[in-house]
Amino acid sequence: MTLTPEGTLDVDPLLDDPQTRIVVCCGSGGVGKTTTAAALGLRAAERGRKVVVLTIDPARRLAQSMGIDSLDNTPRRVKDIDNGSGGELHAMMLDMKRTFDEIVEAHADEERAKAILGNPFYQSLSAGFAGTQEYMAMEKLGQLRSRDEWDLIVVDTPPSRSALDFLDAPTRLGSFLDGKLIRLLMAPAKVGGRAGMKFLNVGMSMMTGTLGKLLGGQLLRDVQTFVAAMDTTFGGFRTRADATYKLLQAPGTAFLVVAAPERDALREAAYFVERLAAEKMPLAGLVLNRVHGSGASRLSAERALAAAENLDERGIVDQAGGKEQDRATPEAPPETSPEASPEASEADPTAEPGIEQLTAGLLRLHAERMQMVAREQRTRDRFTALHPEVAVTEVAALPGDVHDLTGLRDIGERLAAGGTPAGA
């Protein structure tokens, strides 16, 4: 079973379509997701679109490949691209805390914003509370899209299954903000003054006593102060996150699942495909990275190994002046010279191998390559059998890492070619 043209993902029409406004690259770790996102962004920009690539991965690979010293929460323009078609390329890396700070500053007056930003509980929450990164990714994506400054936003998500956690972020953070504990903590601030303190002392004495022991009295007070200051901001969090979630379901969004032709990576890819379908997210297709091929595919692994073994046997049996000859003519002593020593008659261990040995070694390398190609093909076929509806584009494995715009451009061309992997 092989991929048919109908099952091939055509990347260029996707990137060229002005209706495509968001491309989200998701997949497990180590499959080339960041490189794929950067290559797609570069190709779209050089075909005339104004693009920003947003990475949530803190690794520096994206900045280095685009010739930028470092990325932060502000889009940085990438220089030296071919902008003959009028396109632009910008790149940025999500700064979770800075994004949270921007939300507070935008939705609270100066005095309240100052109180929130200086609150110890807020500082802990914005720096690493579970789900905050994914929620802030949703916020940043919503901000970029609402500004309408870019034709296309390419999102590079975190590795592994957490890459889809941003789909759950609105619900999880919303549940936290709307939870019973938060509402109880907010109640004293809403009542206000002595009445509020009386309510806190009487109605919550048991709960706060327990929480005080678990969290510490100061932390509990920090939480209560934070909740009181954020009271008017909570509703906006859920509203904006829900709007971004709907944006991800809209026709202008395309999800690309990135994988390598390996069992574990394609198992994760199948999980992504099924999860996206369950969430009614628009899946454009699968990018299968680092696919191996061979320019001598007519020579099978079995034939290559058999030929290598024949050459090895010839090397043993057909050695000129070898042991077979010695046994056949025992009465003929070997010629010696006055300068000869006992060691001189032994084989030289540093001697270069003969043509037969070199050829046998190359045949074995080819056999290993063909076995890898066959293994990858079987793995792809299992995935396509389970998900025949998913369009696929294959990217041939490169001999080295991608570290500049030329390498990204090459990846973009391979993404667009999308058919049979090139021999390497």
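Residue numbers run from 1 in the order of the sequence given.
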Short side-chain to backbone donor-acceptor contact, E376 and E262, under 3.5 Å
no
All heavy atoms of V402 vs all of G407, minimum pair found to be CG1-C, 3.5 Å
Correct closest heavy-atom pair for A391 and A284 would be CB-O, 4.0 Å
In short, ring pair (Phe, Tyr, Trp, His ring centres under 6.0 Å) pairs touching residues 392-412 with sequence neighbours left out are none
request  = Would you check if the side chain of R49 reaches a backbone N or O of L15 as a donor-acceptor pair within less than 3.5 Å?
outcome  = yes
Side chain to side chain contact (heavy atoms under 4.5 Å, CB included) filter on T74, not counting sequence neighbours, yields D72, R76
Residues H90 and P75: closest non-hydrogen pair is CB-CB, 4.1 Å
One should read off an interatomic distance between K79 NZ and L405 CG, to the nearest 0.5 angstrom, of 12.5 Å
### Query
Is the shortest distance from a Lys or Arg side-chain nitrogen in E102 or K140 to a carboxylate oxygen in the other one below 4.0 Å?
yes
Using a strict 4.0 Å threshold on nitrogen-to-oxygen distance, state whether R21 and D148 make a salt bridge. yes
Original post:
Does R380 reach the side chain of V392, with side-chain heavy atoms less than 4.5 Å apart?
Top reply: no
Rounded to the nearest 0.5 angstrom, the CE-CG distance for M92 and L54 is 5.5 Å
Problem set entry | Donor-acceptor contact present, side-chain K280 to main-chain Q249, <3.5 Å | no
(request) Report yes if some heavy atom in the side chain of V31 is under 4.5 Å from a heavy atom in the side chain of N289; otherwise report no. (result) no
CG (L283) and CZ (R275) are apart, to the nearest 0.5 Å, by 13.5 Å
(Q) Can you confirm whether E88 sits close enough to D151 that some side-chain heavy atom of one is under 4.5 Å from a side-chain heavy atom of the other? (A) no
* Run the side-chain contact (heavy atoms from CB on, under 4.5 Å) check on M370 and E302 step by step: do they pass? -> CA-CA 9 Å; M370 293 306 298; E302 292 77 10; over 6 Å; no
For the residue pair N73 and L94, establish whether any side-chain heavy-atom pair is separated by less than 4.5 Å.
-> yes
- Task: Indicate yes or no for a side-chain donor-acceptor contact from T393 to the backbone of V287 under 3.5 Å, with no hydrogens or angles considered.
- Result: no
Rounded to the nearest 0.5 angstrom, the CD-CG distance for E368 and L363 is 11.5 Å
Note: H292 and V373 closest approach over all heavy atoms is O-CG2, 3.6 Å
- Task: Decide yes or no on side-chain contact (heavy atoms from CB on, under 4.5 Å) for M66 and L71, but give the supporting numbers first.
- Result: CA-CA 10 Å; M66 292 184 169; L71 294 176; 6.0 Å; no
Discussion item. Do L288 and F383 make a side-chain contact, defined as non-hydrogen atoms from C-beta onward lying under 4.5 Å apart?
Written reply: no
Any salt bridge linking R98 with E105? Criterion: basic side-chain nitrogen under 4.0 Å from a carboxylate oxygen.
yes
d(D410 CG, L42 CG) to nearest 0.5 Å is 11.0 Å
Sorted by chain and residue number, the side chain to side chain contact (heavy atoms under 4.5 Å, CB included) partners of E149 (sequence neighbours excluded) come out as K50, R147
Of all heavy-atom pairs linking A44 and V51, the shortest is CB-CG2, 3.8 Å
Margin query: Less than 4.0 angstrom from a charged side-chain N to a carboxylate O is my criterion; do R267 and D264 meet it?
Written below: yes
### Message
Could you check whether any side-chain heavy atom of L266 comes within less than 4.5 Å of a side-chain heavy atom of R382, counting everything from C-beta outward?
### Response
no
Between the CZ atom in R43 and the CG atom in L415, the distance rounded to the nearest 0.5 Å is 8.0 Å
Can you tell me if CD on E110 sees more than 12 non-hydrogen neighbours from other groups inside 6.0 Å? no
When T35, T36, T34 are each screened for side chain to side chain donor-acceptor pair (under 3.5 Å) with D156, the one that passes is T34
Is there a side-chain contact between P261 and T379 in this structure, where contact means two heavy atoms from C-beta onward sitting under 4.5 Å apart?
no
Q: Mind running side-chain contact (heavy atoms from CB on, under 4.5 Å) on K33 and C25 for me, showing each step along the way?
A: CA-CA 7 Å; K33 187 159 42 61; C25 296; 4.1 Å; yes
| query | Can you list the steps and then say if T244 with R145 is a side-chain contact (heavy atoms from CB on, under 4.5 Å)? | reply | CA-CA 9 Å; T244 305; R145 184 65 183 87; over 6 Å; no
Closest non-hydrogen atoms of I81 and G87, given as atom of the first, atom of the second and distance, are CD1-O, 4.2 Å
**Q.** Minimum side-chain heavy-atom gap Y245-M281 below 4.5 Å
**A.** yes
